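Please read these numbers as outputs of a predicted model, since none were measured by experiment.
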Amino acid sequence: YAENVLHEVVFSTDKWLIIAQPCMLYGIKKSLQNNRINLENYIFIDFFCHGVPSQLLWNKQIQEISKKYGEIKEVNFRSKNACWHAYLLSFISFGKQIYKKNVPFYDLFFSDYMLNSACSDCTVRNLTNIPDIRIGDFWGKKFDLSLEGVSAVVCFSEKGKELVHKINNCFVINKEDPSSLLPFQAVNKTYKVNQKVRKKMFISLKKNNGLKKALRIYLKSLPIKKKIEVVGKKIIKRIIPAYFQAKIRKIFHIKNQEQ
C-alpha cells in the first residue's frame with residue numbers, strides 16, 4: 001500500500017499536502033529528492049510523535065474489543081470526546097458508537113515497552129528540515145486546565161508560514177515561546193527499556209495471552225516507587241473528575257520545573 005502511494009506521489013504533477021509520521025515523511029521527501037522532483041508542489045506536515053505501537057499490540061486490543069462487542073467498523077485511537085486530557089478508545093460496532101477508557105492498550109503504549117523497536121532512540125522525530133509544519137497537542141503546564149484542548153503548530157519553512165497565514169482568520173492563533181511546549185513533547189528523548197522484560201511481554205501476546213497479562217509483566221518489573229506512580233495515576237484517572245485531574249497535573253508540572 002505504502003509503495004503504491006509513494007509511486008503516485010513521486011510521479012504526479014498534482015499539488016500534494018502530505019501528512020505523516022516523521023519517519024514516513026522523511027522517506028517520502030527523500031524519495032522525491034532522490035528522483036530530483038521539484039518540491040514546490042508539495043507541502044509536508046508531520047506531528048510530535050511519541051512513537052508507534054507494535055502492530056501486535058494494536059491487533060490484540062482490536063481482537064479483545066471485537067470479541068466483546070462484535071465486528072468493528074471504525075475506530076479512533078485517541079478520541080478526546082470526554083475532554084482533552086482523557087484518552088478514549090472510540091469505535092463503531094453494529095452502528096453504535098462506543099467509548100472505552102482505561103483500556104490496557106494505553107498503559108502499554110505509554111510504558112514505551114511495546115513501541116516499535118526503532119522508536120526507542122528515533123532521531124528523525126527531532127529533525128526540523130523535513131516538514132514545513134509540525135502539529136500536535138500543546139501539552140504542558142501552560143494549558144493544563146484546558147478541557148477543550150489547544151493545538152501546537154510549528155512552522156519550519158516559509159511555505160509553512162504562508163499556509164498558516166492563509167488560514168489565520170479561521171482559528172484563534174497566538175504566538176508562544178517554544179520553551180512552554182518542547183519539554184513536554186517527545187523531542188530529543190530516548191526511551192530506556194528493559195529488553196528482557198519487553199521480550200517477555202511480546203512472547204506473552206504471541207502466546208495469545210491478553211493485554212492485562214502483558215501489563216502485569218511490565219508492572220512487576222518496575223521499582224516500587226515507579227510502580228506506585230503508575231498505579232496511582234490509573235486510580236486518579238478512574239475516580240477523579242477531569243477538571244481536578246488537570247489541577248493535579250498543573251501542580252505536578254510546576255513542582256518538576258522548580259526541581
J.: Flag yes if more than 12 heavy atoms outside Phe138 fall under 6.0 Å of its CZ atom; otherwise flag no.
T.: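 Atom CZ in Phe138 is packed in, count exceeds 12.
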J.: Considering only heavy atoms from C-beta outward, does the side chain of Pro131 approach that of Leu25 to under 4.5 Å?
T.: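 Sidechains of Leu25 and Pro131: in contact.
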J.: Can Glu158 and Lys161 be counted as an ion pair, charged N to O under 4.0 angstrom?
T.: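 Salt bridge: yes.
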J.: When rounded to the nearest 0.5 angstrom, what is the spacing between NZ in Lys96 and CD1 in Ile98?
T.: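 Output value for this atom pair is 5.5 Å.
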J.: Please tell me whether Ile217 and Leu57 are part of a single hydrophobic cluster in this structure, the criterion being side-chain heavy atoms less than 4.5 Å apart.
T.: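 Both belong to a single hydrophobic cluster.
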J.: Give a yes or no on whether Lys80 atom NZ has more than 12 heavy-atom contacts from other residues, nucleotides or ligands under 6.0 Å away.
T.: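 Correct, the count exceeds 12.
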J.: For the pair Tyr113 (side chain) and Asn194 (backbone), establish whether a donor and an acceptor sit closer than 3.5 Å, ignoring hydrogens and angles.
T.: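 Confirmed, Tyr113 side chain pairs with Asn194 backbone.
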J.: I want to check something: taking the side chain as every heavy atom from C-beta on, are Val52 and Trp58 in contact at a cut-off of under 4.5 Å?
T.: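 The answer is no, as the side chains (C-beta and beyond) never meet within the 4.5 Å cut-off.
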J.: Would you say Ile235 and Ile228 are hydrophobically clustered, going by side-chain heavy atoms of ILVMFWY under 4.5 Å?
T.: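 Looking at the clustering, Ile228 is in a separate group from Ile235.
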J.: Testing the 3.5 Å rule here: is there a donor-acceptor pair between the side chains of Ser204 and Asn209?
T.: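 Yes, because at least one side-chain N or O of Ser204 sits under 3.5 Å from a partner of the opposite role on Asn209.
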J.: Does the Lys29 side chain pair with the main chain of Ile130, one donor and one acceptor, at a distance under 3.5 Å?
T.: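 Looks like yes, one N/O pair under 3.5 Å.
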J.: Quick check: is Tyr106 connected to Phe184 through a chain of hydrophobic side chains (ILVMFWY, heavy atoms under 4.5 Å apart)?
T.: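 In one cluster with Phe184: Tyr106, yes.
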J.: For residues Phe48 and Ile135, determine if any side-chain heavy atom of one lies less than 4.5 Å from a side-chain heavy atom of the other.
T.: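 Phe48 does not reach Ile135 side chain to side chain.
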J.: Does the separation of the ring centres of Phe91 and Tyr99 fall below 6.0 angstrom?
T.: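 No.
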J.: Less than 4.5 Å apart, side chain to side chain, heavy atoms only: is that true for Ile65 and Ile72?
T.: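 Yes, at least one pair of side-chain atoms sits under 4.5 Å.
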J.: Hey, is the main chain of Ile43 close enough, under 3.5 Å, to the side chain of Lys15 for a donor-acceptor pair?
T.: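 Such a contact is absent between Lys15 side chain and Ile43 backbone.
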J.: Got a donor-acceptor contact below 3.5 angstrom from the Arg134 side chain to the Thr128 backbone?
T.: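 Not a single qualifying donor-acceptor pair exists.
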J.: Checking the side chain of His85 only, and the main-chain atoms of Asp144 only, is there a donor and an acceptor separated by less than 3.5 Å?
T.: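 Such a contact is found between His85 side chain and Asp144 backbone.
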J.: Taking all heavy atoms of Asp107 and all of Leu215, pick out the closest pair and write down the distance.
T.: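 What the structure gives for the nearest pair is CB-CD1, 3.6 Å.
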J.: For residues Phe47 and Val124: do they belong to one hydrophobic cluster (side chain heavy atoms under 4.5 Å, members Ile, Leu, Val, Met, Phe, Trp, Tyr)?
T.: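 In one cluster with Phe47: Val124, no.
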J.: Answer yes or no: does atom NZ of Lys227 have more than 12 heavy-atom neighbours from other residues, nucleotides or ligands under 6.0 Å?
T.: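 Atom NZ in Lys227 is crowded, with more than 12 foreign heavy atoms closer than 6.0 Å.
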J.: Measure across Cys49 and Ala186 and return the closest heavy-atom pair with its distance rounded to 0.1 Å.
T.: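 Distance-wise, the nearest heavy atoms are O-CB, 3.4 Å.
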J.: Taking C-beta and beyond as the side chain, do Lys166 and Asn168 meet within less than 4.5 Å on heavy atoms?
T.: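 No, every pair of side-chain atoms sits at 4.5 Å or beyond.
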J.: Check whether more than 12 heavy atoms from other residues, nucleotides or ligands sit under 6.0 Å from atom CD of Glu148, and answer yes or no.
T.: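 No - once you tally the heavy atoms of other residues, nucleotides and ligands closer than 6.0 Å, there are 12 at most.
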J.: I need the Leu163 CG to Cys155 SG distance, nearest 0.5 Å.
T.: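 Reported value, rounded in 0.5 Å steps: 8.0 Å.
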J.: I need the Cys23 SG to Leu127 CG distance, nearest 0.5 Å.
T.: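 With rounding to 0.5 Å, SG (Cys23) is 11.0 Å from CG (Leu127).
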J.: Would you sort out whether Trp84 and Phe143 count as a ring-ring contact (aromatic ring centres under 6.0 Å, His included), showing the intermediate values?
T.: CA-CA 10 Å; Trp84 186 34; Phe143 299 108; 7.3 Å; no
J.: Suppose we call two aromatic rings close when their centres sit under 6.0 Å apart. Are Phe77 and Phe109 close by that rule?
T.: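 Close enough - the centres of the two rings lie under 6.0 Å apart.
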J.: Do Leu39 and Ile45 share a hydrophobic cluster (ILVMFWY, side-chain heavy atoms under 4.5 Å, transitive)?
T.: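 The answer is no; the residues belong to distinct hydrophobic clusters.
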J.: Among Gln61, Gln55, Gln63, find the one that has a side chain to side chain donor-acceptor pair (under 3.5 Å) with Asn59.
T.: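 Considering Gln61, Gln55, Gln63, a side chain to side chain donor-acceptor pair (under 3.5 Å) with Asn59 is found only for Gln55.
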J.: With rounding to the nearest 0.5 angstrom, report the CD to CZ distance, Gln195 to Arg198.
T.: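 So the CD of Gln195 and the CZ of Arg198 are separated by 6.0 Å.
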J.: State the NZ-OG distance between Lys73 and Ser93, to the nearest 0.5 angstrom.
T.: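 So the NZ of Lys73 and the OG of Ser93 are separated by 9.0 Å.
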J.: Please report the shortest heavy-atom distance between Ser120 and Val193, naming the atom on each side.
T.: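 Taking every non-hydrogen atom into account, OG-CG2, 4.3 Å.
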J.: Please report whether the ring centroid of Phe44 lies less than 6.0 Å from that of Trp16.
T.: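 No, too far apart.
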J.: Is there a side-chain contact between Asn174 and Val172, using heavy atoms and a 4.5 Å cut-off?
T.: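 Asn174 vs Val172: side chains touch.
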J.: Between Asn126 and Lys189, do the side chains contain a donor N or O and an acceptor N or O under 3.5 Å apart?
T.: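 Judged by distance alone, the side chains do not pair up.
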J.: Please tell me if the side chains of Cys122 and Arg125 come closer than 4.5 Å, counting only heavy atoms from C-beta onward.
T.: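 Cys122 reaches Arg125 side chain to side chain.
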J.: Is a donor from one side chain sitting under 3.5 angstrom from an acceptor on the other, for Asn76 and Ser90?
T.: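 The answer is no; no qualifying pair exists.
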J.: With the side chain counted from C-beta on, respond yes when Leu222 and Glu229 share a heavy-atom pair under 4.5 Å apart, and no when they do not.
T.: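 Leu222 does not reach Glu229 side chain to side chain.
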J.: Rounded at 0.5 Å granularity, tell me how far CG in Leu211 sits from NZ in Lys213.
T.: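 Reported value, rounded in 0.5 Å steps: 12.5 Å.
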J.: Would you say the ring centers of Tyr191 and His50 fall short of 6.0 Å from each other?
T.: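 Here the rings of His50 and Tyr191 have centres that are less than 6.0 Å from each other.
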J.: Mark yes or no for whether Asn38, through its side chain, and Glu40, through its backbone, hold a donor-acceptor pair below 3.5 Å.
T.: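 Indeed, once roles are kept as given, a pair shorter than 3.5 Å links the two residues.
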J.: Salt bridge between Asp112 and Lys192, side-chain N to carboxylate O under 4.0 Å?
T.: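 Not counted as a salt bridge, because no side-chain N and carboxylate O are separated by less than 4.0 Å.
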J.: Donor-acceptor check, side chain of Ser12 to backbone of Val9, threshold 3.5 angstrom: yes or no?
T.: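 No: the side chain of Ser12 does not pair with the backbone of Val9.
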J.: Without swapping roles, check the side chain of Ser79 against the backbone of Leu89 for a donor-acceptor pair under 3.5 Å.
T.: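 Checked: no pair found.
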